[in-house]
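Comments concern the structure below.
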Amino acid sequence: MDRLEENLRAVRARIADAARAAGRDPGGVRLLAVSKTWPAEDVRAMAALGQREFAENRVQELAGKAADLMADPPPGVDPGELVWHLVGQLQRNKAAAAVRLGAVVHSVDRAPLALALARAAQTEQRVLDVYVQVDLGGPPGRDGARGGVPPAEVPALADTVAGSEGLRLQGLMAVAPRGEDPAPAFARLAAVAARVRADHPDARELSAGMSADLEAAVTAGATVVRVGTALFGSRALASDRDE
Ligand SMILES: *Cc1c(COP(=O)(O)O)cnc(C)c1O
């Protein structure tokens with residue numbers, strides 16, 4: 001079996017095992033393949049294996065790979081079936097580009113960004129699926145930022161998104177704090193999600209869990225897990241290959 005095929009099987013098995021252990025239907029958890037830093041040929045290989053949802057953290061990189069797959073899809077795969085997600089911090093001036101790509105945006109963490117996305121969606125006469133990103137704490141990321149809105153501010157931002165023409169609130173997204181047990185953080189996330197769902201019953205999605213902590217996220221109710229390393233390999237290797 002090829003390496004990517006083996007990885008995909010193993011990740012699907014981890015998701016299914018975690019769902020069953022939590023008394024959940026394994027079909028209730030979707031897998032996003034986070035292809036950031038990996039070339040379009042690896043996305044093409046994953047698509048050939050049946051994977052349909054991909055995530056990137058930069059608009060530019062997403063645009064490049066989506067165009068590549070559109071022009072040269074794997075045999076038998078309709079590129080229109082591929083769903084692209086943006087999971088990285090988004091600048092307001094990239095809102096229109098994200099909307100034109102039809103990407104699902106997981107990182108809405110402030111009202112001005114929500115409003116910029118809504119305006120762009122109205123201009124393009126599209127409806128954009130978005131998640132509100134929750135800050136679960138912990139040290140900042142490499143770029144000094146972490147992304148996300150504090151839990152206490154989530155309901156207000158969710159109201160803003162839900163009230164914006166052109167946006168459809170899917171639910172919440174979060175990254176577990178680095179260097180901590182993810183379970184309590186995901187439990188806090190689940191509590192905020194329940195609150196949001198009480199006001200917005202259609203916002204059912206919970207995007208949480210990555211290569212290292214997807215089991216804890218599924219236990220806490222994740223409906224979407226975002227997995228990069230366990231599918232494609234270490235990103236350090238991806239950048240080595242570019243050099
Ligand atoms: C890179 C990234 C992932 C995937 O992380 P892995 O540990 O490689 O699985 C998931 N979510 C976000 C927001 C990311 O930036």
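In this text the structure is predicted, and so the values were computed from the model without any measurement. For ligands, and for the atoms within them, numbers begin at 1 and follow the listed sequence.
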Legend entry - Check ion pair K36-E61 (N to O, under 4.0 angstrom): no

Legend entry - Subset of ligand 1 atoms that lie under 4.0 Å from at least one heavy atom of V227: 9 (O)

Legend entry - Heavy-atom nearest neighbour of atom 9 (O) of ligand 1 within options A208, G233, S211, A212: S211

Legend entry - L136 side, atom CG; Q133 side, atom CD - distance, nearest 0.5 Å: 9.0 Å

Legend entry - Residue-ligand contact R235/ligand 1, heavy atom below 4.0 Å: yes

Inset, instruction - Find all atoms of ligand 1 within a distance of less than 4.0 Å from any non-hydrogen atom belonging to V87, and give their numbers and elements. - result: 12 (C), 13 (C)

Legend entry - Short N-O contact, D17 and R20, less than 4.0 angstrom: yes

Legend entry - Residues, nucleotides or ligands: over 12 heavy atoms within 6.0 Å of R188 CZ: yes

Inset, instruction - Test T219 against R24 for side-chain contact (heavy atoms from CB on, under 4.5 Å), laying out the working first. - result: CA-CA 9 Å; T219 302; R24 299 182 53 199; over 6 Å; no

Legend entry - Inter- and intrachain pairs under ring-ring contact (aromatic ring centres under 6.0 Å, His included), touching residues 52-79, at least two apart: F54-W84

Legend entry - atom 10 (C) of ligand 1: nearest protein contact (heavy atom, Å): M210 SD, 3.2 Å

Legend entry - Nitrogen or oxygen of G228 less than 3.5 angstrom from that of ligand 1: yes

Inset, instruction - Determine whether the side chain, the backbone, both or neither of K36 has a heavy atom under 4.0 Å from any heavy atom of ligand 1. - result: side chain

Legend entry - Nearest heavy atoms of Q51 and A33, plus distance in Å: NE2-N, 3.6 Å

Legend entry - Atoms of ligand 1, numbered as shown, that sit under 4.0 Å from any heavy atom of T229: 6 (P), 7 (O), 8 (O), 9 (O)

Inset, instruction - For atom 11 (N) of ligand 1, grab the closest protein heavy atom and report residue, atom and distance to one decimal in Å. - result: R226 NE, 2.9 Å

